[in-house]
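Working notes for the structure below.
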Amino acid sequence: MDPRVSELFGAAAAAQKSGGRKTAKNGSKKFKNRSARYPKASNNPPYLPPELKLVNPTQCRFEHLATQMKWRLQEGRGEAVYQIGVEDNGLLVGLTEEDMKASLKTLRRMAEKVGADITVLREREVDHNSDEPYRIAEVLVRKVPDDQQFLDLRVAVLGNVDSGKSTLLGVLTQGELDNGRGRARLNLFRHLHEIQTGRTSSISIEILGFDSRGGVVNYSESRTAEEICESASKMITFIDLAGHHKYLKTTIFGLTSYCPDFAMLVVSANTGIAGTTREHLGLAMALKVPIFIVVSKVDLCTKGTVERTVRQLERILKQPGCNKVPMLVSSTDDAVTAAQKFAQSPSITPIFTLSSVSGESLDLLKVFFNILPPLSDSKEQEELMQQLTEFQIDEIYTVPDVGTVVGGTLYSGICREGEQLVVGPTDAGQFRELAVCSIQRNRSGCRVLRAGQAATLALGDFDRSLLRKGMVMVSPEMNPTICWRFEAEIVLLFHAKTFHKGFQVTVHVGNVRQTATVEALQGKDELRTGEKAGVRFKFIKHPEYLKVGAKLLFREGATKGIGQVTKLQPAEWVPSAWASLGHF
């Protein structure tokens with residue numbers, strides 16, 4: 001969205017908050033500058049990028065506009081935002097009420113032609129020398145769901161223990177407010193001890209859908225996940241991670257292996273930045289996952305306490321290590337602007353203040369999720385789909401009457417029911433043949449899985465003991481690089497003493513998590529906190545499948561570091577080493 005249009009909406013929202021007192025003494029200079037930026041329409045209207053005026057188009061122009069909309073929806077993976085009241089030559093003149101109705105009617109016809117719906121996000125008046133009001137509008141166009149091809153965004157949920165992460169997700173996905181004693185979070189827990197302590201120790205997945213008109217689709221309206229998938233055009237998949245420090249390895253695994261598009265850091269208003277909050281913020285930034293912040297439990301605090309927590313967050317975000325631009329969201333206009341700017345610039349960090357008990361400002365977060373666009377466009381996804389199949393295994397289950405089931409993310413290619421793949425590497429560095437019996441996305445059947453999508457694959461009677469987390473299922477035509485040793489450029493974030501040859505750390509690279517030994521430091525004998533170096537690691541248990549350029553994160557106690565894989569030393573491996581089932 002053009003920044004000048006954004007400023008116009010923001011200025012109008014500010015005027016509304018101040019009760020429309022445009023001539024206030026303190027605000028006179030501000031509105032004088034605004035008038036200079038947006039002159040009267042009778043003078044020289046400001047230029048904006050070419051957009052739309054959709055009043056009574058000819059049939060030829062209508063067909064052209066419909067084709068343009070279809071292209072924009074493909075580029076936006078099913079979503080596009082239109083600005084109405086801006087002429088094709090870029091003049092911001094606005095439309096009368098009659099013309100605005102005609103334009104929206106035309107836009108609705110265009111959307112129907114390409115199989116989409118429209119939702120008006122917001123409208124604002126433009127200054128004119130006229131008694132009749134002139135308005136511009138922002139409209140969201142979204143494809144109607146078709147054969148499970150909904151837009152799916154993954155959001156990792158981070159934050160300190162007892163900050164209200166699971167409760168917030170319970171309220172969003174179940175559609176009922178919490179009772180103040182944790183009732184909303186019970187459906188998210190996977191183990192008895194989690195219910196007893198109220199603390200998440202494992203990774204759980206929850207979904208929130210939005211239909212083509214922007215309406216919320218969750219378990220309050222739909223009984224099953226399959227019904228949600230059928231009704232939703234856009235899906236937000238929440239990855240609920242553990243907040244307690246002793247479950248840090250699980251949290252890191254969730255961030256590295258589940259490939260989240262965004263991270264939501266939940267901070268309790270009454271405790272502020274405490275415990276693992278800074279650490280989780282640092283992890284998301286190290287892995288370059290765009291992050292936004294939710295300040296929860298505002299119903300337990302005074303307004304001053306909430307403001308103090310927000311100021312505390314703003315100070316940390318503005319520090320040289322973060323270099324973020326905090327943006328407090330307090331209205332629907334703010335939520336729309338935050339969603340659009342957040343996807344455009346990684347430095348923008350929206351901050352929401354809400355309550356899962358009273359429901360205060362909960363709708364603003366839903367508006368944000370509804371409008372939040374994907375980070376990658378359709379061209380990037382198509383390029384990944386052209387590559388050979390590669391599926392990363394994150395979870396392994398045994399399901400009665402189904403057999404062995406693996407969960408994970410399809411990194412590249414396309415996977416279909418009945419497809420023949422190979423899985424590995426085993427401890428001996430081998431790959432074994434298998435067949436995909438069936439596929440499920442969000443607990444509902446799916447025939448085709450595309451790059452970037454998460455799913456579970458049924459493998460029939462394949463022996464579960466031959467599988468482990470960190471393996472990959474790849475196309476037989478691929479020549480995967482299996483390695484015991486690899487080199488990486490690292491930065492040592494923290495170490496109490498010195499980092500040297502022979503030191504052992506737990507290495508996280510994508511879905512790989514294994515202990516490795518430092519075999520050599522390039523040009524140095526030891527490393528201290530904040531120093532960089534090239535390091536050669538060796539896995540101690542079994543070889544792994546890695547790629548050059550992959551992000552790396554390692555830890556051991558208080559020791560932490562990040563880096564990037566730069567070189568692989570392939571283990572001896574030949575295609576004939578593939579072992580079919582029963583011939584290891």
Side-chain angles (χ1 to χ4, degrees), residues 153-172 185 188 199-200 203-204 206 208 236-245 247-248 250-256 258-298 301 306 308-319 321-329 335 338-339 341-343 345-356 361-362 364-366 368-369 372 375 553 560:
L153 301 181
R154 288 191 288 275
V155 178
V157 185
L158 303 170
N160 189 38
V161 64
D162 298 332
S163 60
K165 301 184 295 298
S166 299
T167 299
L168 174 59
L169 294 191
V171 170
L172 288 172
R185 68 189 177 194
L188 277 70
R199 293 179 176 178
T200 302
I203 300 172
S204 62
E206 288 298 325
L208 173 67
I236 307 294
T237 301
F238 294 107
I239 307 163
D240 189 19
L241 303 175
H244 201 283
H245 192 274
Y247 304 123
L248 182 62
T250 303
T251 301
I252 295 175
F253 182 76
L255 274 174
T256 56
Y258 282 75
C259 306
D261 299 295
F262 305 99
M264 177 170 72
L265 181 68
V266 182
V267 179
S268 176
N270 54 350
T271 58
I273 299 174
T276 56
T277 303
R278 289 174 185 266
E279 198 163 11
H280 286 186
L281 176 63
L283 287 171
M285 291 183 61
L287 295 169
K288 296 184 178 178
V289 180
I291 192 164
F292 61 95
I293 298 175
V294 171
V295 179
S296 64
K297 302 184 181 181
V298 298
C301 312
V306 176
R308 185 167 65 247
T309 301
V310 171
R311 286 197 302 270
Q312 194 180 9
L313 286 166
E314 289 175 341
R315 278 199 303 272
I316 287 181
L317 293 171
K318 291 177 181 178
Q319 286 177 354
C322 290
N323 290 324
K324 298 287 187 182
V325 181
M327 179 179 179
L328 186 62
V329 177
K341 288 188 174 182
F342 181 54
S345 171
S347 61
I348 300 294
T349 305
I351 301 176
F352 297 83
T353 57
L354 53 80
S355 168
S356 297
S361 298
L362 208 58
L364 300 183
L365 188 60
K366 292 177 183 177
F368 178 79
F369 283 134
L372 189 62
L375 293 177
L553 194 148
K560 292 179 185 65

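Note that the structure is a prediction, hence the values are computed from the model and not measured.
- Within the 4.5 Å cutoff, the side chain of Tyr258 has heavy atoms near those of the Ile203 side chain.
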Discussion item. The test is side chain to side chain contact (heavy atoms under 4.5 Å, CB included); show your working for Leu354 and Leu365 and say whether it passes.
Written reply: CA-CA 9 Å; Leu354 53 80; Leu365 188 60; 3.8 Å; yes
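- Between Val295 and Ile351, the shortest heavy-atom distance links the atoms CG2-CG2, 4.1 Å.
- At distances below 3.5 Å, not a single donor-acceptor pair connects side-chain atoms of Lys560 with backbone N or O atoms of Leu283.
- Inter-residue side-chain proximity for Glu206 and Asp240 is flagged as unmet; no heavy-atom pair is nearer than 4.5 Å.
- Side chains of Leu281 and Ile291 form a contact here, defined as non-hydrogen atoms less than 4.5 Å apart.
- Minimum interatomic distance between Val289 and Ala263 (heavy atoms only, all atoms of both residues): CG1-N, 3.7 Å.
- Judged as a ring-ring contact (aromatic ring centres under 6.0 Å, His included), and not counting sequence neighbours, the contacts of Phe238 are Phe369.
- The side-chain heavy atoms of Val298 and Thr309, taken from C-beta on, include no pair separated by under 4.5 Å.
- Looking at every heavy atom in both residues, Leu241 comes nearest to Ala156 through CD1-CB, 4.2 Å.
- Here the straight-line distance linking atom OG1 of Thr251 with atom NE2 of His245 works out to 10.0 Å at 0.5 Å rounding.
- Rounded to the nearest 0.5 Å, atoms CD1 (Ile316) and SG (Cys322) are 7.5 Å apart.
- The closest side-chain heavy-atom distance from Leu553 to Leu255 is not below 4.5 Å.
- Between Leu172 and Leu208, the closest heavy-atom pair is O-CD1, 3.4 Å.
- Looking at heavy atoms from C-beta onward, Ser355 lies out of side-chain contact with Lys297 at the 4.5 angstrom threshold.
- The shortest distance between side-chain heavy atoms of Phe292 and Val155 falls below 4.5 Å.
- For the pair Arg154 (side chain) and Ile239 (backbone), a donor-acceptor distance under 3.5 Å is absent.
- Annotation: the span from Lys318 atom NZ to Lys324 atom NZ amounts to 14.5 Å, rounded to 0.5 Å.
- Here the CG atom belonging to Leu313 is positioned 7.5 Å from the CG atom belonging to Leu265, to the nearest 0.5 angstrom.
- Closest approach of Val329 to Pro350, counting heavy atoms only: CG2-CB, 4.2 Å.
- Side-chain atoms of Lys165 come within 3.5 Å of backbone N or O of Gly159 as a donor-acceptor pair.
- Between Glu279 and Leu248, some side-chain heavy-atom pair lies under the 4.5 Å cut-off.
- Partners of Leu375 under the side chain to side chain contact (heavy atoms under 4.5 Å, CB included) rule, at least two apart in sequence or in another chain, are Phe262, Pro290.
- Using bins of under 30°, 30° to 60° and over 60° for the plane-to-plane angle, the ring pair Phe342/Phe368 lands in the tilted bin.
- Listed for the Ser296 side chain is a donor-acceptor partner under 3.5 Å among the backbone atoms of Ser163.
- Looking only at distances, a side-chain donor or acceptor of Thr256 sits under 3.5 Å from a matching main-chain atom of Ile252.
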Worksheet item: Run the side chain to side chain contact (heavy atoms under 4.5 Å, CB included) check on Met327 and Thr349 step by step: do they pass?
Response: CA-CA 6 Å; Met327 179 179 179; Thr349 305; over 6 Å; no
Per-pair distances, 0.1 Å, donor-acceptor, side chain in residues 266-277, under 3.5 Å, sequence neighbours excluded:
from	atom 1	to	atom 2	distance (Å)
Ser268	OG	Asn270	OD1	2.2
Thr276	OG1	Asn160	OD1	3.4
Thr276	OG1	Gly243	O	2.8
Thr277	OG1	Ala274	O	2.8

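- Checked against Val310 for a side-chain contact (heavy atoms from CB on, under 4.5 Å), the options Arg308, Gln312, Glu314 give a single hit: Glu314.
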